[in-house]
Amino acid sequence: MKRVFSLTEKGLLGHPIQYVWQKTLGNYIVVTGADHTVKIYDRHGQKKDEINLPGACYAMDWDKDGNALAIVAEKSSSIYMWDSNTCKTSQLDSGMRDQMSFLLWSKTSSLLAVGTSKGNLLVYNLQTSRKVPVLGKHTKRITCGCWSSQNLLALGGEDKMITISNQEGDTIRQTSVRMEPSDIQFSVMKTDERASPGESTVSVVVGKKTLFLFNLNDPDNPIELAFQQRYGSIVSHRWYGDGYIMIGFSLGFFVVISTHMSEIGQELFQASNHKDNLTSIAISQSLNKAASCGDNCIKIHDLTELKEMYAIITLDDETKGLDKLSWTDDGQLLAVSTQRGSLNVFLTKLPILGDTSGTRIAYLTSLLEVTVSNPVEGELPITVSVEVEPNFVAVGPYHVAVGMNNRAWFYALTENGVERLKDMEYLGTVANMCLNSDYAAALFEGKVQLHMIESEPLDSQEERETRLFPSTDEKYRILCHALTGDFLIYGTNTGLVKYFYLEDWQYVNEYRHPVSVKKIFPHASGTRLIIIDEKTEGFVYCPQNDNLYEIPNFSPTIKGILWENWAMDKGVFCAFDDDKVFTYVFHKDTIQGSKVILAGGTKLPYGHKPVLLHNGELTCQTQSGMLNNIILGTHSFLSNMKDAEPQDLKKMLTQTLMLRRFPDAWNVCTSLNSAEAWNELARACLHHMEVDFAVRVYRTIGNVGMVMSLEQIKGIEDHNLLAGHLAMFSNDFNLAQDLYLASSNPICALEVRRDLQHWDSALQLAKRLAPNQIPFISKEYAIQLEFTGDYVNALAHYEKGMTGDSMEHDETCLAGVARMSIRMGDIRRGVNQALKHPSRLLKKDCAAILESMKQFSEAAQLFEKGQYYDKAASVYIRCKNWAKVGELLPNVSSPKIHLQYAKAKEADGKYKEAAMAYENARDWDNVIRIYLDHLNNPEKAVGIVKETQSLEGAKMVARFFLRLGDYGSAIQFLVLSKCNNEAFQLAQQHNQMEIYADVIGSENTSNEDYQSIALYFEGEKKHFQAGKFFLLCGQHARALKHFLKCSPTEESAAIEMAIETVGQAKEELLTNQLIDYLMGESDGMPKDAKYLFRLYMALKQYREAARTAIIIAREEQSAGNYRNAHDVLFSMYTELKTQKIKIPAEMATNLMILHSYILVKIHVKRGDHMKGARMLIRVANNISKFPSHIVPILTSTVIECHRAGLKNSAFSFAAMLMRPEYRNKIDIKYKKKIEAMVRRPDTSEVEEETTPCPFCDFKLPECELLCPGCKNNLPYCIATGRHMVKDDWCICPNCEFPALLSQFKTLLESESICPMCSERVTAADVKKVLDCSTYLKQEQEDQ
């Protein structure tokens, strides 16, 4: 709060003072103290007058209008009167003998009540000078009083009485109180029913302790309210609002109570405002504020929100404390007196005066101070001290003007500060003033005076100095005006809006509005103007094209308009009244033309007046002379986009699009990141014709079609054509047509209607714009009409569509004519057209139409001509033309037609043809039926059933065989037709269960079927069959029981089945049972070991299986079955390898020796005696493993060694043969030769070649399988029996045993199977293994 002035005159200091503000106007404050003088000051603290009194001043008061001040003083029977208009003092004799102690002016009239120290009363009428003395009103001094608005006078005196009198002085009510009354006031109590109009309640503070409420309408029931002791005594009370009372207490508290009966006695609000004491409270109704003073500070509260402190004023130099508070009636000034006799006046409310020029604001900051600031540009504020309290303020780029009444003072704003230029007097009271850089324009009494602010040097043209509008011959009054950089614009009572161009000093534009123009608000450029007329309707006027656009939802209470000063926000403006701001946007370029839209509203805080709008921020003046900024509700996206929720972001997107702030909208969409938001932005860009931005958006969302379309229309300068394209992209086709027709390329409208298939509109447009297009449009229209079933019009349009020069087009039209003729019943014309026409499709279409019209012969003819043989045959069948059908059958593919033909032929008794036709129709059941029933060819029927697996056919064949008594075949076909129960019963009846069992075993059959067969065989004591079917239905225990009971003839197969059963069951009990059987525990006859081996394999007990395999192999070997032994070991070997189980060394060795033996035969047969000899040497060295063939093997070894040149080896084995146990068994053929070898030994030997060990590269003989270097057993080649070599490694693709690549391929030239696994192998299947480390690693692990 600004202090306006302080009074600290010596004459006043030392004692508390009395003071009183001039009522209504508040221009004067009257002060009196202990020096017996009354001093009168103006509102700026200048002393205006002084009145000397004979003694101390007892009372003083202003009349209701502030014209007369009345004073009564000690030692005087006169009333002193001071006139505020003439500043003269006069004295009025009261005619009262005793000392006057009290006076008070009426609130509503010029009545003055004066009370005396003895209780007498005088009522004086200032207008009539009539005095009414009333003696004995009170018995003691009258100390307080109050007038009501109905001119009732309430008085309180030291006699503890309260009287209510009328203006004549007659007492109409009186009441006594317990203690001395003070601070008496009239008001209206807050009662439920307002019984009497006017102020009917008197409130009095009694003895500084209680508040006494006396209702004139209910005098017998006064209310007395007492308060808490801790508050202290009552200092004063004030009524406000709807029956509320604020009470100040001496110990610093203030309390609010209500006089509503239901709330009486309750404190609505209580605050300890001051620490030590409170001396006064005051309420300003116009400000809606309450103030209390105490200690050395004043605290101001807002009456609508008492809890919040509005302001605190601290007077640090007042150590003795404060005294009394008082506001002027208008609330502008607040005076506070102090205990030591000084007076301080503070500014609490200023007239809101201000003006802007661009972003510069000039506004009143004190009664005699104007501040010029530019917060947007960041310039420092400049203060201008002015000589008078101004009524108006105006600011330009370089000047500021203030004025009151008909005078204005001009100041220049220079770099060095403020410079006063001049003052001007006008011909009337100035209502408004505007400035630009050179000129000022003042509006007064219906005229505008335009003049230069600073006069130019003398050479400037004089008529440019000043001009008065309107000229004398123009009979209108100017109601509003504005000044831009180039124009003076004004509006008149006749509705004229005129533009005066300062540069050319002449009018350049005139617009005539239907009613008078009250206010105008031009954009800074002058190219747009907002008009408010006398109907309080708002419009945006564009002088360039003289267009006027109504502002929608324009409130009649609007006080003013502000244009957005931010360069990017063109077309945004806000309209404001006392409590709301409405944001509007003028959309100049949209596809729908220019228009104004309401973007939203923002609540305006109390006492705020908007002066400037910049980038959505509204700068307002407040009553305290400050500026306050508000963000408009329509611009919330500027402040809090980062943390906003998706719901808020959607609202922000709507705001940005309304305001055409596309970059901000882009940011919102980026935050939202939803396709819906991006599409909304893109649509808005199209609406506002922002093509480049739209391309950017569509590119972001990946809408290639739109990007390409927009890129094509980018450079179009014709506004209507561009808008038409954009309207079309926005799906507003009617608007697009209107815009195209108004553009330089109206044919586009026709193209749009054609593309949309709006054929009526297209034909209308084609007549005007492109008659040569009519046939083509007619054709398209006819196609659509045909589709919708309007054949009459379709025919007409097809006929109209004929051009005579476009062959393909005309063919389409002729086809249409043919179809429509048939539809319309002109069949001959239609069929002829169709037959002549080259199109197959047309023939099909026409034939289909004819068929639907039951014109079968014509339809069939067209189908046949169009080579639609299936359809033709079908239609010929419908008209029973079998001869034609027979002709067409070779070309017909449809089974349905063959079927119809077959039925016809069957009916005629031509069964062979019928069977063929049924076959063509793939109706196998009927084919089978014909063969069985009519052609007596069961073989053919059976063949078809087996081939097609037809269920129904199988049943027919089964019935046929049943009739013949061939039950086996009947059962087979019943099973095939899924009739298992019938088949079973048949098998039972005719003892054919084996056949049934065989058939059913190969089908998908249920467990029940298997069980029933098993039970049958069980009853028949056929154990093998019973076991087999119990196994199939999963009853393993019963199956095993039957298998073990089988007769010796079936024993081998039964044991195999028993092993399978145990393998499936995986039950220990069953396994042990079978093992006991195989071991001969049950019957004392052990079974062949191979069964045990198979059992272990079935149970996946591979280690036991391996042991058994070795035993079996040994037995086979002993029996001389070397191949069998080899195969047993090989299969076991591969199984163990598959299961990743370590292979027993014995097994590996036995397999190697057996394999070497098998290789002998292969090599000898191929004539490779060396390899044969080497393998025989290996076998002969282990001859004990071949007990059945010792002599033959040794004999072969001697012979092969001899042939291969291994004479020494031949000799050593020949010597072995000469042993007595072998000698006699030698074949006679070779005996002598061998004896000769022994008698004449030749010890020469071919040296065995050496090859490197695959593990350690040690060179060792090629048939040696144990490396002396690394002690590893070496893998051997399955083709030669030699050890493997790294760089000649391959494997058999089937058994994966290794072989030497070169040797294996040589072997495969004469052999076609692998010597190890006996599977087929070709040389092409064998591939070289480049890295054999994995195989070697495996070998090592196996060892």
| field | Ile71 vs Cys57, side chain to side chain contact (heavy atoms under 4.5 Å, CB included): CA-CA, chis, key distance, verdict | value | CA-CA 7 Å; Ile71 305 163; Cys57 172; 3.7 Å; yes

| Criterion side chain to side chain contact (heavy atoms under 4.5 Å, CB included) on Lys603 and Lys580, from CA distance to verdict | CA-CA 5 Å; Lys603 196 165 173 2; Lys580 201 149 187 208; 5.7 Å; no

| task | Check step by step if side chain to side chain contact (heavy atoms under 4.5 Å, CB included) holds for Ile29 and Phe5. | result | CA-CA 12 Å; Ile29 187 165; Phe5 63 90; 4.3 Å; yes

| request: Kindly indicate, with the supporting measurements, whether the criterion side chain to side chain contact (heavy atoms under 4.5 Å, CB included) is fulfilled by Ser555 and Asp577. | output: CA-CA 8 Å; Ser555 165; Asp577 56 19; 4.1 Å; yes

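For the side-chain contact (heavy atoms from CB on, under 4.5 Å) with Ile247, the lone residue among Phe227, Phe254, Phe253 that qualifies is Phe227.
One N or O on the side chain of Asp295 and one on the backbone of Asn277 form a donor-acceptor pair closer than 3.5 Å. Checking side-chain atoms of Lys75 against main-chain N and O of Gly55 turns up no donor-acceptor pair under 3.5 Å.
Contact of the Leu103 side chain with the Tyr124 side chain is not registered, since no non-hydrogen atoms from C-beta on lie closer than 4.5 Å. Looking at Phe249 and Val255, their side chains come closer than 4.5 Å, going by heavy atoms from C-beta outward. Side-chain contact between His237 and Asp183 is present, with at least one heavy-atom pair separated by less than 4.5 Å. Side-chain atoms of Pro16 and Gln339, non-hydrogen and from C-beta on, do get closer than 4.5 Å to each other. The side-chain heavy atoms of Val336 and Glu318, taken from C-beta on, include no pair separated by under 4.5 Å. Put simply, the side chain of His301 reaches to within 4.5 Å of the side chain of Met309, judged on heavy atoms. Counting only heavy atoms from C-beta outward, the side chains of Cys297 and His274 approach each other to under 4.5 Å. Within the 4.5 Å cutoff, the side chain of Thr175 has heavy atoms near those of the Phe212 side chain.
Open room surrounds CD on Gln127; 12 or fewer heavy atoms of other groups in view lie less than 6.0 Å from it.
Between Phe554 and Phe582, the gap from one ring centroid to the other reaches at least 6.0 Å.
Atom CD1 of Ile298 sits about 14.0 Å away from atom CD1 of Ile281, to the nearest 0.5 Å. Atoms CD1 and CG, on Ile223 and Asn215 in that order, are 8.0 Å from each other to the nearest 0.5 Å. One finds the CH2 atom of Trp62 at 11.0 Å from the CH2 atom of Trp105 (value rounded to the nearest 0.5 Å). In this structure, the separation between OG1 on Thr348 and CD on Gln332 is 7.5 Å, given to the nearest 0.5 Å. Note that the OH atom of Tyr80 and the OG atom of Ser90 stand 11.0 Å from one another [nearest 0.5 Å]. For the atom pair CG (Leu126) and CG (Asp63), the distance works out to 6.5 Å, reported to the nearest 0.5 Å.
Side chains of Lys137 and Thr163: no donor on one and acceptor on the other come within 3.5 Å. Side chain to side chain, Ser106 and Asn151 meet the donor-acceptor criterion of an N or O pair below 3.5 Å. In summary, the side chains of Ser6 and Thr8 do not present any donor paired with an acceptor at a separation below 3.5 Å, with no hydrogens or angles considered. Ser233 and Ser250 form a side-chain donor-acceptor contact under 3.5 Å, judged by distance and modelled atom types alone. No donor-acceptor contact under 3.5 angstrom links the side chains of Thr622 and Asn628, judged on distance only. Looking only at atom types and distance, the side chain of Glu389 has a donor-acceptor partner in the side chain of His44 under 3.5 Å away.
Checked for salt-bridge contact, Arg130 and Glu168 meet the test: a charged N lies under 4.0 Å from a carboxylate O. Of the charged side-chain nitrogens involved, at least one lies within less than 4.0 Å of a carboxylate oxygen, so that Asp61 and Lys23 count as a salt-bridged pair. Between Lys140 and Glu180 there is no salt bridge, since no side-chain N of the basic residue sits under 4.0 Å from a carboxylate O of the acidic one. Ion pair Asp35/Lys39 flagged as a salt bridge, since at least one NZ, NE, NH1 or NH2 atom sits closer than 4.0 Å to an Asp/Glu carboxylate oxygen.
Listed here is the closest heavy atom pair of Ser94 and Ser77: OG-O, 2.6 Å. The two residues Ser148 and Glu199 have their closest heavy-atom pair at CA-OE1, 3.3 Å. When every heavy atom of Met161 is checked against every heavy atom of Pro181, the shortest pair comes out as O-CG, 4.2 Å. Contact detail for Ala335 and Val345: the closest heavy-atom pair is CB-CG2, 4.1 Å. Residues Asp330 and Arg43 share a closest heavy-atom pair of OD2-NH1, 4.4 Å. Across every non-hydrogen atom of Pro610 and Val581, the tightest pair is CG-CG2, 4.4 Å.
Cation-pi check for Lys289 over Tyr310 is met; the charged atom lies under 6.0 angstrom from the ring centroid and within 45 degrees of its normal.
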